[in-house]
Amino acid sequence: MSDEEDTVAGADDAVADDALLVLTAMLLTPARFPGVLGDDYVAACDALAIEPYEEGYGLILGQDGEGARWTVVVEDAAQVAVAIAAWDCGMEHDLSPDERSMVCALPGWPMDLAVSAPGVPEPHDPETDGEGPAPLTPPDADAWGPAQRRLGADEIAAQWSVWREQLDDARFSRPGDEAEPENGAEGEPESEPSPSPRHPGVRRALSEATAYTKTPPPPGRIRSSYASADARTLRVDGPGWSMVARTDDIALFLLDEEPGTVIPVGRGAALPGLLTALDGLAAQPT
């Protein structure tokens with residue numbers, strides 16, 4: 001953490017002295033980070049006032065003995081990755097990072113959690129007496145903006161098959177084809193008419209994604225993860241738009257100007273080559 005970075009006075013000591021009750025953890029690396037924090041890795045680090053080191057960080061979310069919410073940033077991203085992998089497999093794993101690995105402790109959580117620690121008061125922001133940064137807060141679920149758009153795209157990437165099953169291939173637009181598209185998907189998956197995938201926002205997003213293949217964007221703006229033996233899942237962000245795609249399938253777009261709407265774009269003649277090129281540029285988990 002740089003000298004200019006701010007933290008709540010005494011926060012690091014408080015969390016160290018009063019053992020954090022860990023609820024969950026996540027990675028903050030160029031290849032994998034919570035989209036709620038920013039369009040790319042550098043922006044995500046800026047949101048937490050930490051340096052965008054190439055090795056990345058781990059984020060540990062929990063409560064102290066008084067029930068206060070804390071987000072602890074640690075340098076040992078590998079240890080956090082091991083814990084996440086174990087939890088994803090349904091295994092128990094004690095995540096207790098070395099205090100020497102702790103970069104800072106920030107009040108609050110950047111996203112809502114559905115769980116809380118037993119035996120302590122309900123989750124609440126710690127008292128900071130107006131010192132240090134304001135507590136991290138989740139984006140307003142009743143509003144729509146960049147954070148909600150990226151959260152939605154992250155959820156689609158995690159639940160691709162659920163969203164894909166809703167969509168009728170015959171009604172997609174296909175970049176490079178002349179067919180006119182007719183529908184999208186809106187909300188939590190519901191089937192409602194939406195603006196045409198020929199929407200100017202989608203055209204702009206496709207144009208900007210194509211530009212990435214000529215001038216690579218900041219680290220993490222394009223991310224790639226395993227989907228199957230023959231395919232990758234892509235998460236791509238840009239100003240006002242997010243894309244989720246499978247390299248062997250279609251792309252889905254979310255736009256700031258279309259709240260809650262998911263707009264599909266079929267493969268056609270142009271999309272496969274674009275997805276392959278983006279995957280070649282993407283930050284990938286090691």
Side-chain angles (χ1 to χ4, degrees), residues 26-27 29-35 38-41 44 56 81 84-85 88 149-179 181 183-185 189 194 197-199 201-255 261-286:
M26 55 199 71
L27 292 174
T29 70
R32 184 176 175 184
F33 59 87
D39 279 339
D40 53 60
Y41 175 62
I84 293 171
D88 285 347
R149 178 246 304 163
R150 293 189 298 263
L151 270 176
D154 285 351
E155 179 63 21
I156 291 171
Q159 302 289 334
W160 176 266
S161 60
V162 173
W163 285 86
R164 186 65 177 90
E165 287 171 0
Q166 300 179 75
L167 303 172
D168 178 3
D169 289 18
R171 305 182 74 187
F172 294 167
S173 71
R174 293 171 172 80
D177 289 354
E178 296 302 319
N183 81 316
S194 71
R198 296 285 185 178
H199 188 293
V202 174
R203 293 198 300 271
R204 183 186 73 248
L206 285 167
S207 176
E208 292 177 2
T210 300
Y212 289 168
T213 66
K214 300 177 177 64
T215 304
R221 189 70 65 92
I222 309 169
R223 307 192 294 285
S224 175
S225 59
Y226 177 87
S228 72
D230 303 313
R232 306 285 297 180
T233 297
L234 295 180
R235 270 286 287 109
V236 187
D237 289 302
W241 59 270
S242 293
M243 180 176 78
V244 188
R246 281 261 305 235
T247 54
D248 64 345
D249 200 2
I250 64 170
L252 303 176
F253 285 86
L254 292 86
L255 307 173
T261 300
V262 180
I263 305 176
V265 173
R267 287 180 70 75
L271 190 67
L274 174 60
L275 298 183
T276 298
L278 291 172
D279 185 52
L281 294 170
Q284 302 188 11
T286 55

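Quick note: residue numbers are just sequence positions, from 1.
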Taking the side chain as C-beta and beyond, is there a heavy-atom pair between [X] and [Y] under 4.5 Å?
X    : Y    : result
L254 : I156 : yes
L255 : I263 : yes
L252 : W160 : yes
L278 : T276 : no
F253 : T261 : no

Please give me the minimum heavy-atom distance between [X] and [Y], naming the atom from each residue.
X    : Y    : answer
L281 : P216 : CD2-CG, 4.3 Å
I250 : G266 : CG2-CA, 4.0 Å
A245 : L275 : CB-CD2, 3.7 Å
L167 : P264 : CD1-CB, 4.2 Å
R204 : P239 : NH2-O, 4.0 Å

Would you be so kind as to tabulate the donor-acceptor pairs closer than 3.5 Å made by side chains of residues 220-227, with sequence neighbours excluded?
{"residue": "R221", "atom": "NE", "partner": "D40", "partner atom": "OD2", "Å": "3.1"}
{"residue": "R221", "atom": "NH1", "partner": "Y212", "partner atom": "OH", "Å": "3.1"}
{"residue": "R221", "atom": "NH2", "partner": "D40", "partner atom": "OD2", "Å": "2.7"}
{"residue": "R223", "atom": "NH1", "partner": "G220", "partner atom": "O", "Å": "2.9"}
{"residue": "S224", "atom": "OG", "partner": "R232", "partner atom": "NE", "Å": "2.9"}
{"residue": "S224", "atom": "OG", "partner": "D279", "partner atom": "OD1", "Å": "2.6"}
{"residue": "Y226", "atom": "OH", "partner": "A229", "partner atom": "N", "Å": "3.3"}

* Asked: Do the side chain of S207 and the main chain of R203 share a donor and acceptor less than 3.5 angstrom apart?
  ->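 A pair under 3.5 Å: no.
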* To do: Report the residues that fulfil side chain to side chain contact (heavy atoms under 4.5 Å, CB included) with T210, sequence neighbours left out, ordered by chain and then residue number.
  => T213, K214, L274
* Using side chain to side chain contact (heavy atoms under 4.5 Å, CB included) as the criterion, list what pairs up with A81, not counting sequence neighbours. => L27
* Could R267 and D249 be called an ion pair, given the rule that one side-chain N must be under 4.0 Å from one carboxylate O? ->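 Here R267 does not pair with D249 in a salt bridge, since their nearest N and O are not under 4.0 Å apart.
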* Asked: Just by distance, with hydrogens left out, do R149 and S242 show a side-chain donor and acceptor under 3.5 Å apart?
  -> yes
* To do: May I have the step-by-step check of side-chain contact (heavy atoms from CB on, under 4.5 Å) for V236 and W241, ending in yes or no?
  => CA-CA 9 Å; V236 187; W241 59 270; 3.7 Å; yes
* State the CD-CH2 distance between E155 and W163, to the nearest 0.5 angstrom. =>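 Taking CD in E155 and CH2 in W163, the distance rounds to 8.0 Å.
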* Show your reasoning for whether salt bridge (charged side-chain N to carboxylate O under 4.0 Å, His left out) applies to R150 and D237. => CA-CA 8 Å; R150 293 189 298 263; D237 289 302; 5.6 Å; no
